[in-house]
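Accompanying notes for the structure given below.
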Protein chains: 2
Amino acid sequence: MDRISLSLGSGGKLMRDFLREGVLKHFGNEYLNKLADSTHIELSGKIGFTTDSFVITPLFFPGGDIGRLSVAGTVNDLVVSGIRPGFLSLSLIIEEGFPVNDLELIFRSIKKALQEAGVEIVTGDTKVVRKGEADGIYINTAGIGKVIAEPAELNNGDPIVITGSPGDHSVAIMVARGEFTFDGEDIKSDCQPLNDLLPLWGRGVKWMRDITRGGLATILCELAEAESVAVSIEESDVPFSPPVRAASEILGIDPFYLASEGKAVLVVAPKSADEILRYLKTLEYGKESRIIGKIGGIGKNGELVLKTISGGLRIMEPLTGELLPRIC
Amino acid sequence: MDRISLSLGSGGKLMRDFLREGVLKHFGNEYLNKLADSTHIELSGKIGFTTDSFVITPLFFPGGDIGRLSVAGTVNDLVVSGIRPGFLSLSLIIEEGFPVNDLELIFRSIKKALQEAGVEIVTGDTKVVRKGEADGIYINTAGIGKVIAEPAELNNGDPIVITGSPGDHSVAIMVARGEFTFDGEDIKSDCQPLNDLLPLWGRGVKWMRDITRGGLATILCELAEAESVAVSIEESDVPFSPPVRAASEILGIDPFYLASEGKAVLVVAPKSADEILRYLKTLEYGKESRIIGKIGGIGKNGELVLKTISGGLRIMEPLTGELLPRIC
């Protein structure tokens, strides 16, 4: 078999063979090996729960693929919510005729990301739809884990820290789609499980979000609105990478709305900021960590205000419309 | 807006508006209202976890729709695994141009099924893909809950109980697709959350499975193989409904491989069988509950043997190939 057939989704013998030979080979563990409808796991106390579906195109891109993204996206949603990721589900919707080799590459990538994130797949599902009823493969992961921190109250003056250059994922996808060419340095998606941020909970981090759809501006607008605080950031402090700057200039896109898949923005207690930055800079993907703004400032509660490089002030809105479909 | 647009999946303002006005209106609760990346919930002890994606066509069919199915499917996977369903995630992949009215109907149906099952949606995700990249809407749900029972050891002679006529879901879908017409009584999918089966755990039920893809035969083959037991059933005792019998005869389909979405098969302790049947018959969907076979009998360990109406013996195999794509 070199292409996925409809009968693989039948619930019958071919599906069991696929699960045994194709899936357990990569992801087998005491939970999944039972191939049961549900899994029993030990988790005490407060539990965190999240889900994401991934429809990214192309499936393989510089810096990652839909498999890596499916792990990182759900792991990161847990991490930024103060939850230690423990267990993932994996659900596949595959278009008939999908190359088995590509599925194998995706599975290998999932396995590598699981190892980086220290999590396991414990339950799953596979559906196959006819040709033309999906575009290759769509993946859903849900994740659960133990709650290790609750968000703390924010105060005026709390620094806002970014863990690195935002927007690299969006620009890597645009390049992979041929929508944009960039002759300078290579651009790669930052797609990355952020479980290394977990130790920061309890060390002065008050609030955390990964920068995904909507980009830095949308996320900080939502923070301002949800917490009824003013948020101000300095454009000159945001470490956009050269490819992101180039794409923004050439295509006339505002980089504050470009997505990452391995960057986070943190609100921290002022006295902890130095220690947190020291820790972040020890991480391979945190070398460019820096303070980009603070809670409070000139805006009204609920507003995000950007101080531009030219010295102007700009009230930022959440993203409206669609910048780039199927970015994740 | 009367059709779903790509910008709804952007992560921006339109998406927040959709979540606030379209989603929270139906499913709002203390967890979901935060519209956060993840949810914190209280669940102590051993946790059960499952997931399923739903790609059924048509989306609306006699007896249910993709929304009801998305709740029932995941609730039932938990129930049959000895898990009290607590919380669901809901993740949508919507094709651009999908009618907003249909989405509203699906949401109402999800809400009704949630109420029947006594569960809540606590986290979710929405993605929109371009026209032609999906077929209407695909839904993933994951579910978690507290483990209330572990499967018990099976012994030769343990009765096998079915909670009603198997295969109604498959035949209702065939009729809805126009693949088969039946002039007798109305055929409806049995799509139904089975949380009423939960009290049977601890009252003599040793093992439970809902009858889904692969049908009764595949599920019992898997039981025989997984537990290394012989399983024998009597064809004359299986309460196939008249439409299932008619469809099987006219289309030449084996009804033992047809799917249900609201029927279960149970292995029970012999001394508890009467009490369990009495309880099942009090349920609206359990009136036809009966014993259809037992663990042990003439077959070898790992085999499912059917005693046919004509008195012959047939060794049943798990479903091979695809009977009916996109049945769930």
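All values derive from a computational prediction rather than experimental measurement. In what follows, chains are A, B, ... by sequence order, proteins preceding strands, each numbered from 1.
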Considering only heavy atoms, which portion of A:Ala134 lies under 4.5 Å from any heavy atom of chain B: side chain, backbone, both, or neither? both

Identify which of A:Lys127, A:Lys13, A:Arg130 forms the greatest number of heavy-atom pairs closer than 4.5 Å to chain B. A:Lys127

Which region of B:Asp52, side chain (C-beta onward) or backbone (N, CA, C, O), has a non-hydrogen atom less than 4.5 Å from a non-hydrogen atom of chain A, or is it both or neither? both

Contact origin within A:Cys221 toward chain B - heavy atom pairs under 4.5 Å: neither

Heavy-atom contact with chain B under 4.5 Å, split by part of A:Leu43: both

Going from CG on B:Asn140 to OH on A:Tyr138, what distance comes out if it is rounded to the nearest 0.5 angstrom? 14.5 Å

Assert top hit (heavy-atom pairs under 4.5 Å, partner chain A, pool B:Lys34, B:Arg16, B:Glu96) equals B:Arg16

On a heavy-atom basis, the closest approach of A:Phe49 and B:Leu88 is CE2-C, 3.7 Å

Relative to chain B, which segment of A:Thr126 carries a heavy atom at a distance below 4.5 Å: side chain, backbone, both, or neither? backbone

Can you tell which of A:Leu14, A:Val129, A:Ile219, A:Asp17 has the highest number of heavy-atom pairs within less than 4.5 Å of chain B? A:Val129

Find the one option among A:Pro318, A:Ser5, A:Gly48, A:Ser89 whose heavy-atom pairs under 4.5 Å with chain B are most numerous. A:Ser89

Select one option (side chain, backbone, both, neither) describing which atoms of A:Thr218 are under 4.5 Å from chain B's heavy atoms. side chain

Smallest heavy-atom separation, A:Asp37 atom then B:Arg209 atom, equals OD2-NE, 2.9 Å

Looking at chain B, which one of A:Ser91, A:Gly145, A:Gly214 has the largest number of heavy-atom pairs inside 4.5 Å, strictly under? A:Ser91

Specify the closest pair of heavy atoms between A:Thr51 and B:Asp125, including all atoms of both residues, with the distance to one decimal. O-CB, 3.8 Å

Contact part of B:Glu95 toward chain A, heavy-atom cut-off under 4.5 Å: side chain, backbone, both or neither? neither

Examine whether an atom of A:Ile93 lies under 4.5 Å from a heavy atom of chain B, and if so say whether it belongs to the side chain, the backbone or both; otherwise answer neither. side chain

In Å, rounded to the nearest 0.5 Å, how long is the span from CD1 of B:Ile148 to NE2 of A:His40? 9.0 Å

Considering only heavy atoms, which portion of A:Glu317 lies under 4.5 Å from any heavy atom of chain B: side chain, backbone, both, or neither? neither

May I ask you to name which of A:Glu133, A:Lys46, A:Glu150 has the most heavy-atom pairs under 4.5 Å with chain B? A:Glu133

Any side-chain to backbone donor/acceptor pair from B:Ser38 onto A:Thr50? Under 3.5 Å, distance only. no

Looking at A:Gly215, A:Ala142, A:Ala259, which one has more heavy-atom pairs under 4.5 Å with chain B than the rest? A:Ala142

